[in-house]
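To start, the structure itself, in structure tokens.
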Amino acid sequence: VRRDGVGALLERDMGMLVLPDRGPLRAELRNRVAGWVDEGGVLLRFAGPKVADELAGKPVSGPEAPLLPVPLRRGGRALGGAMSWSDAATLAPFPSDSPFAGLRVPPDAEIQRQVLAEPSLDLDKLTWARLTDGTPLVTAAPRGQGWVVLVHTTANTSWSNLPLSGVFVQMLRRISAMGMGAGGPGGGEGDGALPPHFVLNGFGERVAPGDG
């Protein structure tokens with residue numbers, strides 16, 4: 001969503017809010033999102049340069065906490081490429097207690113970069129998906145009646161090809177199914193499809209709606 005669109009979305013009756021790579025929310029908006037999660041919403045976040053640079057190194061509790069399930073290390077981790085000593089990482093089988101349990105892990109899904117979670121005693125139980133080297137790829141923590149979930153790589157293909165795989169869609173479906181449809185203060189007014197900011201035409205080009 002656009003930076004000015006989160007507040008409008010919170011007025012709607014929805015079960016999941018997705019934030020691609022984004023820096024800190026302003027205090028008033030952060031409090032509204034936190035309250036929405038407490039009422040049963042699922043906040044799904046994706047990592048990227050802003051998360052790695054602006055949210056890492058911060059605690060996940062307290063009034064200034066950046067709504068993350070686990071504390072993050074600063075910077076990021078590059079895998080594969082000319083500037084790395086290691087190859088791109090692949091996904092490990094999903095844990096039996098994960099919402100993704102039973103999904104087939106595609107052997108060709110590779111992660112070139114991720115943000116790392118700070119080691120902690122409870123990190124293992126907060127991890128829903130890992131790479132083959134054991135580092136968390138998806139972490140989640142309950143907040144009130146809802147959940148805060150973080151995918152430790154980007155929602156697009158800049159850090160991995162996971163978004164191009166079928167399992168990515170299945171993972172999103174299982175996460176969205178956990179939302180309780182926390183109603184916004186508007187009582188659900190404005191429900192229905194949101195107008196797109198951009199669409200893809202028949203040539204795969206991004207255009208304004210109606211310019212097909």
*side-chain contact (heavy atoms from CB on, under 4.5 Å) partner of Arg143, chosen from Leu43, Val42, Val60*: Val60
*Should Lys58 and Pro71 count as side-chain neighbours, where that means a heavy-atom distance under 4.5 Å?*
no
*Which value, rounded to the nearest 0.5 Å, describes the distance between Lys125 atom NZ and Thr139 atom OG1?*
13.5 Å
*Can you check side chain to side chain contact (heavy atoms under 4.5 Å, CB included) on Phe46 and Val151, steps first, answer last?*
CA-CA 5 Å; Phe46 287 86; Val151 180; 3.6 Å; yes
*Show the numbers, then the answer: is there a side chain to side chain contact (heavy atoms under 4.5 Å, CB included) between Leu116 and Thr135?*
CA-CA 7 Å; Leu116 293 173; Thr135 55; 4.2 Å; yes
*At what distance, to the nearest 0.5 angstrom, does CG of Leu172 lie from CD of Gln170?*
10.0 Å
_Non-hydrogen side-chain atoms of Leu17 and Trp36 separated by less than 4.5 Å_ = yes
*Could you go through the side chain to side chain contact (heavy atoms under 4.5 Å, CB included) check for Leu19 and Leu44 one step at a time?*
CA-CA 6 Å; Leu19 294 182; Leu44 173 60; over 6 Å; no
*asked:* Rounded at 0.5 Å granularity, tell me how far CG in Leu91 sits from CZ in Phe94.
replied: 5.5 Å
*Could you pull out the closest heavy-atom pair between Ser160 and Gln112, with the gap in Å?*
CA-OE1, 3.2 Å
*Considering all heavy atoms of both residues, which atom of Val149 and which atom of Pro69 are nearest to each other, and what is their separation?*
C-CG, 4.4 Å
*Within the side chain of Arg45, is there an N or O that forms a donor-acceptor pair under 3.5 Å with the backbone of Leu67?*
yes
_Rounded at 0.5 Å granularity, tell me how far CD in Glu110 sits from CG in Leu164._
12.0 Å
*Is the backbone of Gln114 close enough, under 3.5 Å, to the side chain of His152 for a donor and an acceptor to pair up by distance?*
no
*Kindly indicate whether the side chain of Glu118, heavy atoms from C-beta on, has any atom under 4.5 Å from the side chain of Val70.*
no
*Less than 4.5 Å apart, any side-chain heavy atom of Glu54 and any of Pro24?*
yes
*How close do Pro93 and Val105 get, heavy atom to heavy atom, and via which atoms?*
CA-CG2, 3.8 Å
*Please report the shortest heavy-atom distance between Ser165 and Leu162, naming the atom on each side.*
OG-O, 2.7 Å
_Nearest heavy atoms of Ala56 and Ala52, plus distance in Å_ = CB-O, 3.3 Å
*Between Thr90 and Leu131, is any pair of side-chain heavy atoms under 4.5 Å apart?*
no
*Indicate the ring-plane relationship of Trp128 and Trp147, choosing parallel, tilted or perpendicular according to the 30° and 60° boundaries.*
tilted
*Within the distance-only criterion (no hydrogens, no angle test), does the side chain of Thr154 pair as donor or acceptor with the backbone N or O of Asn156 below 3.5 angstrom?*
yes
_Side-chain donor or acceptor of Ser120 paired with backbone N/O of Leu123 under 3.5 Å_ = yes
*Look at the side chain of Asp38 and the backbone N and O of Gly146, then say whether any donor-acceptor pair between them is shorter than 3.5 Å.*
no
*Search all heavy atoms of Arg74 against all heavy atoms of Asp53 and return the closest pair with its distance.*
NH1-O, 4.4 Å
*Assess whether side chain to side chain contact (heavy atoms under 4.5 Å, CB included) is satisfied between Met178 and Arg174, documenting all intermediate values.*
CA-CA 7 Å; Met178 301 177 65; Arg174 293 200 177 183; over 6 Å; no
*What distance do Ile175 atom CD1 and Met16 atom CE have between them, rounded to the nearest 0.5 Å?*
6.5 Å
*Any side-chain heavy atom of Leu137 within less than 4.5 Å of one from Thr153?*
yes
